[in-house]
Amino acid sequence: MIKVASYNMRKAIGTDRRRMPERTLEVLREIDADIIALQECDRRLGERAGVISAHLLDEHSPWVAVPLAIRAQSMGWHGNALLVRKDATVSGPRRIDIPALEPRGAVRADVTTHGVTLRVVGMHLDLSGLWRRKQAHAILSEVEDCTPKLPSVLMGDLNEWTPRSGCLRDFGRTHCFAETGPSFHARHPVGRLDRIMVSGGLKILDAGVHHSAAARKASDHLPIWATLAPA
């Protein structure tokens, strides 16, 4: 079994308005996933440094960041990062250019863990429904054009409020959705903005939203997770 998770960490600024990367890392350790897609992991201005420093990640977690950043101090690209366990094998890390009105992007890598190789995509889509659909098409084209063919896991903050329409309908043509539940707002979750989607070749064994006390304070989003196995 492989556990995956997605978390819009809001630059480690909690609902108490305090920036505490140690608290964000505590939430990730509670989930204990094998592969994690992060959104809003870097500061927005200046050097766009990663909020969780490389030292903090190395000394206090079982994960390493997939090398996707352009800037030396960043963890990800346009705030998107992938974390994998230190014993995982990573190949083909790539930044995915997507059409956008505001700075947006997606990232992907092929990850081998527990003897299974997955194509993993992390994303943070636009606030505009029209642009979300364009971005979904770009991401799906990227995944479909990759060789060799691998089962894929797409994760992130899709910013889609309406069920079974818009970009969700586009992704749903080739991927199944994990029933994780509402993840936004962390204090009173009503919106299923965060999603985990899997292609054929994978089955979803379990899924949910992580509702710990730390998670309810660490960001305005709650993390979501799913346990997967080869179909």
Side-chain angles (χ1 to χ4, degrees), residues 1-43 49-69 73-76 79-90 93 107 109 111-116 118 120-124 153 155-157 178 180-187 189 193-196 198 204-229:
M1 294 188 297
I2 299 170
K3 190 173 187 180
V4 300
S6 180
Y7 190 23
N8 184 330
M9 55 181 278
R10 199 195 184 192
K11 305 175 185 66
I13 299 174
T15 54
D16 56 4
R17 300 185 181 180
R18 299 173 65 190
R19 189 192 302 275
M20 296 179 63
E22 297 85 358
R23 181 170 57 186
T24 302
L25 204 54
E26 175 188 351
V27 173
L28 295 179
R29 287 195 299 263
E30 290 175 349
I31 302 167
D32 196 29
D34 300 299
I35 304 169
I36 304 168
L38 294 177
Q39 303 88 49
E40 298 193 22
C41 68
D42 298 327
R43 294 175 186 261
V51 177
I52 300 175
S53 69
H55 172 77
L56 185 63
L57 189 68
D58 183 54
E59 294 294 324
H60 298 281
S61 90
W63 305 290
V64 62
V66 174
L68 291 158
Q73 301 301 317
S74 299
M75 176 185 281
N80 294 284
L82 297 174
L83 303 183
V84 299
R85 292 198 186 273
K86 292 173 182 176
D87 61 356
T89 301
V90 176
V107 294
V111 181
T112 302
T113 184
H114 300 298
V116 180
L118 307 174
V120 182
V121 176
M123 68 188 81
H124 190 182
V153 181
M155 302 186 282
D157 179 357
T180 51
S183 56
F184 182 84
H185 185 280
R187 285 181 173 172
L193 304 189
D194 304 284
R195 297 280 182 162
I196 295 173
V198 303
I204 301 165
L205 303 179
D206 198 7
V209 179
H210 186 68
H211 280 280
S212 73
R216 288 192 293 271
K217 288 184 179 180
S219 171
D220 57 348
H221 287 246
L222 294 171
I224 60 172
W225 60 271
T227 304
L228 313 176

Peer 1: Quick check for you: to the nearest 0.5 Å, what is the distance between I35 atom CD1 and T113 atom OG1?
Peer 2: 6.0 Å
Peer 1: Any sub-3.5 Å donor-acceptor pair from K86's side-chain atoms to S61's backbone N or O?
Peer 2: yes
Peer 1: Spell out, as yes or no, whether a donor-acceptor pair under 3.5 Å connects the side chain of T24 to the backbone of A12.
Peer 2: no
Peer 1: Identify the heavy atoms of S219 and T15 that sit nearest to each other, and give their distance.
Peer 2: O-CG2, 3.5 Å
Peer 1: Given N80, which partner from the list M75, Q39, E40 fulfils the side chain to side chain contact (heavy atoms under 4.5 Å, CB included) test?
Peer 2: Q39
Peer 1: Enumerate, atom names and distances included, each donor-acceptor pair closer than 3.5 Å involving a side-chain atom of residues 51-60, sequence neighbours excluded.
Peer 2:
| unit_1 | atom_1 | unit_2 | atom_2 | d |
| --- | --- | --- | --- | --- |
| S53 | OG | L56 | N | 3.0 |

Peer 1: Could you tell me the separation between the CD1 atom of I224 and the CD1 atom of I196, rounded to the nearest 0.5 Å?
Peer 2: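 With rounding to 0.5 Å, CD1 (I224) is 4.0 Å from CD1 (I196).
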Peer 1: Between CD1 of I36 and CG of L82, what distance do you get to the nearest 0.5 Å?
Peer 2: 10.0 Å
Peer 1: Once rounded to the nearest 0.5 Å, what's the spacing between atom NZ of K217 and atom CZ of R23?
Peer 2: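 Atom-to-atom, K217:NZ and R23:CZ are 7.5 Å apart.
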Peer 1: Which residue pairs pass the salt bridge (charged side-chain N to carboxylate O under 4.0 Å, His left out) test with at least one member in residues 219-228, sequence neighbours excluded?
Peer 2: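 Listed by first then second residue: R10-D220.
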Peer 1: Keeping R187 on the side-chain end and R216 on the backbone end, is there a donor-acceptor pair under 3.5 Å?
Peer 2: no
Peer 1: Name all residues meeting the ring pair (Phe, Tyr, Trp, His ring centres under 6.0 Å) criterion together with H221; count only those two or more places apart in sequence or in a different chain, and write none if there are none.
Peer 2: F184
Peer 1: Got a sec: does the CZ of R19 have more than 12 other heavy atoms crowding it under 6.0 Å?
Peer 2: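 More than 12 within 6.0 Å, yes.
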Peer 1: Do R29 and W63 pass the side-chain contact (heavy atoms from CB on, under 4.5 Å) test, and can you show the C-alpha distance, the side-chain angles, and the key distance before you say yes or no?
Peer 2: CA-CA 10 Å; R29 287 195 299 263; W63 305 290; 4.2 Å; yes
Peer 1: Nearest 0.5 Å, what's the CG-CG distance between L118 and L228?
Peer 2: 7.0 Å
Peer 1: To check you understand the geometry: which heavy-atom pair defines the closest contact between A109 and V90, and what is its length?
Peer 2: CB-CG1, 4.0 Å
Peer 1: Flag the pair P189 / H211 as yes when at least one side-chain heavy-atom distance between them is below 4.5 Å, and no otherwise.
Peer 2: yes
Peer 1: Provide the closest heavy-atom pair for A178 versus A226 in the form atom of the first, atom of the second, distance.
Peer 2: CB-CB, 4.1 Å
Peer 1: Could you tell me whether K3 and D206 make a salt bridge, using a distance below 4.0 angstrom between a side-chain N and a carboxylate O?
Peer 2: no
Peer 1: Counting C-beta onward and ignoring hydrogens, is there a side-chain heavy-atom pair between V116 and I2 closer than 4.5 Å?
Peer 2: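 Yes - at least one pair of side-chain heavy atoms lies under 4.5 Å apart.
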Peer 1: Tell me the closest heavy-atom pair linking L205 and A229, and the distance in Å.
Peer 2: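 Shortest heavy-atom contact: CD1-CB, 3.8 Å.
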Peer 1: Between L83 and L38, does a side-chain contact (heavy atoms from CB on, under 4.5 Å) hold up when you go through it step by step?
Peer 2: CA-CA 8 Å; L83 303 183; L38 294 177; 3.8 Å; yes
Peer 1: For a quick test of reading the model, state the closest non-hydrogen atom pair linking V209 to G181 and the distance between them.
Peer 2: CG2-O, 3.5 Å
Peer 1: Out of curiosity, D87 CG to T89 OG1, how far, rounded to the nearest 0.5 Å?
Peer 2: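 Reported value, rounded in 0.5 Å steps: 8.0 Å.
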Peer 1: Before giving the answer on side-chain contact (heavy atoms from CB on, under 4.5 Å), spell out for M9 and V27 the whole-Å C-alpha distance, their side-chain angles and the decisive distance to 0.1 Å.
Peer 2: CA-CA 10 Å; M9 55 181 278; V27 173; over 6 Å; no
Peer 1: Which heavy atom of V66 sits nearest to which heavy atom of P93, and what is that distance?
Peer 2: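 For V66 and P93, the tightest heavy-atom pair comes out as CG1-CB, 3.7 Å.
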